[in-house]
Trainee: 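Supplied in structure tokens, the structure appears directly below.
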Amino acid sequence: MILLASHNAAKAAELKRLTGLEVTTPTYPEPVEDGLSFRENALIKARAGAKATGLIALADDSGLTVRALNGMPGILSARWSGTHGDDEANNRLLLAQLTDLPRDAAFVCCVALVTPSGEEYVEECSWEGTIATEPRGEGGFGYDPIFLPHDAGGKTSAELTAEEKDALSHRGQAMRKIAKRLAQISA
């Protein structure tokens, strides 16, 4: 059994789909994510999960980085508009901020795997693209409706099927890399 150390239901569902493993989600209080990077926050969550449950814990921290905004919203992606998890408000604010700016962006995902004995493995990947001028698509969550990946044929990540998104995305890339570590630990 592996713990997916995420209290975000949409992210947990995506991580479960990507791992294909028997997993459980947290029943303990969410730790404070006060790290200064995706890596630090992913490790905070995975360490807390391993300590609280005695299970191998897998956590990610991810977000959108926009070059014209000096990498922001970055680790503040979920609360960019001031309201944690209000995807529509975050998207509206970001679009307003980019009215006359370049729209180069990337989704970044850092996945941390921590064992109960304290072994730590981290993988970080990015998915390059641009920001659309308006939301499109019904799939995904977060900034998916306004993120146009370079490798998605003009679709936003919200217009991709789950399988397409898994094959291309920052989280899919990072999970495939960390899965190799997990296989070594589980063997």
Trainee: If you compare all heavy atoms of A5 against all heavy atoms of K45, which two are closest, and at what distance to 0.1 Å?
Mentor: CB-O, 3.6 Å

Trainee: Is it true that Y121 and L4 fall in one hydrophobic cluster, defined by side-chain heavy atoms closer than 4.5 Å?
Mentor: yes

Trainee: Quick check: closest heavy atoms across E164 and T161, and the distance to 0.1 Å?
Mentor: OE1-N, 2.8 Å

Trainee: Should E40 and D34 be marked as a side chain to side chain contact (heavy atoms under 4.5 Å, CB included) after you check the CA-CA gap, both sets of side-chain angles, and the distance that decides it?
Mentor: CA-CA 8 Å; E40 289 177 13; D34 56 2; over 6 Å; no

Trainee: Please name the pair of heavy atoms, one in I44 and one in G35, separated by the smallest distance, quoted to 0.1 Å.
Mentor: CD1-N, 3.7 Å

Trainee: Tell me whether L98 is reachable from L148 by hopping between hydrophobic residues (I, L, V, M, F, W, Y) whose side-chain heavy atoms are closer than 4.5 Å.
Mentor: no

Trainee: Donor-acceptor check, side chain of S81 to backbone of L93, threshold 3.5 angstrom: yes or no?
Mentor: no

Trainee: Identify the heavy atoms of A57 and A50 that sit nearest to each other, and give their distance.
Mentor: CB-N, 3.5 Å

Trainee: What I'd like to find out is whether the side chain of V114 reaches to under 4.5 Å of the side chain of K51, using heavy atoms alone.
Mentor: no

Trainee: Do S6 and T25 come within less than 4.5 Å of each other through their side chains, counting heavy atoms only?
Mentor: no

Trainee: Any link between I185 and V122 through a network of hydrophobic side chains (Ile, Leu, Val, Met, Phe, Trp, Tyr) touching at under 4.5 Å?
Mentor: no

Trainee: Can you measure from CG (L113) to CD1 (I178) and round to the nearest 0.5 angstrom?
Mentor: 5.0 Å

Trainee: Given side chain to side chain contact (heavy atoms under 4.5 Å, CB included), test L95 with R103 step by step and report yes or no.
Mentor: CA-CA 9 Å; L95 289 174; R103 294 174 172 268; 3.8 Å; yes

Trainee: Check this for me: E120, atom CD, are more than 12 non-hydrogen atoms of other residues, nucleotides or ligands nearer than 6.0 Å?
Mentor: yes

Trainee: Between L64 and N90, is any pair of side-chain heavy atoms under 4.5 Å apart?
Mentor: no

Trainee: Same cluster or not: L43 versus Y28, using hydrophobic residues (I, L, V, M, F, W, Y) connected whenever any side-chain heavy atoms lie under 4.5 Å apart?
Mentor: no

Trainee: Report yes if some heavy atom in the side chain of L94 is under 4.5 Å from a heavy atom in the side chain of L69; otherwise report no.
Mentor: yes

Trainee: Could you state the interatomic distance from OG1 (T133) to CD1 (I146), rounded to the nearest 0.5 Å?
Mentor: 10.0 Å

Trainee: How many angstroms lie between atom CD1 of I2 and atom CG of L182, to the nearest 0.5 angstrom?
Mentor: 4.0 Å

Trainee: Does the side chain of P116 reach to within under 4.5 Å of the side chain of I56, using non-hydrogen atoms?
Mentor: yes

Trainee: Using salt bridge (charged side-chain N to carboxylate O under 4.0 Å, His left out) as the criterion, point out the one residue from K155, R171, K165 that pairs with D144.
Mentor: K165

Trainee: Rounded to the nearest 0.5 Å, how far does CD of E119 lie from CD of Q184?
Mentor: 10.5 Å

Trainee: Does any part of the side chain of P145, heavy atoms only, come nearer than 4.5 Å to the side chain of N91, both counted from C-beta?
Mentor: yes

Trainee: Does any non-hydrogen side-chain atom of T53 lie less than 4.5 Å from one of T24?
Mentor: no

Trainee: Can you find a heavy atom in the side chain of F38 that is under 4.5 Å from one in the side chain of T65?
Mentor: yes

Trainee: List the steps, then state whether side chain to side chain contact (heavy atoms under 4.5 Å, CB included) holds for V111 with K177.
Mentor: CA-CA 9 Å; V111 177; K177 287 183 177 184; over 6 Å; no

Trainee: What's the spacing between S77 OG and F107 CZ if we round to 0.5 Å?
Mentor: 7.5 Å

Trainee: Over all heavy atoms of both residues, which pair between C110 and A42 is shortest? Give the atoms and the distance, please.
Mentor: O-CB, 3.5 Å

Trainee: Please walk me through it: do W80 and Q97 pass side chain to side chain contact (heavy atoms under 4.5 Å, CB included)?
Mentor: CA-CA 11 Å; W80 188 239; Q97 291 171 324; 2.8 Å; yes

Trainee: Give, for atom SG of C109 and atom CD of Q173, the distance between the pair rounded to the nearest 0.5 Å.
Mentor: 9.0 Å

Trainee: Minimum heavy-atom separation for E33 and R79, please, with both atom names.
Mentor: O-NH2, 4.3 Å

Trainee: So, F147 versus W127, ring centres under 6.0 angstrom or not?
Mentor: yes

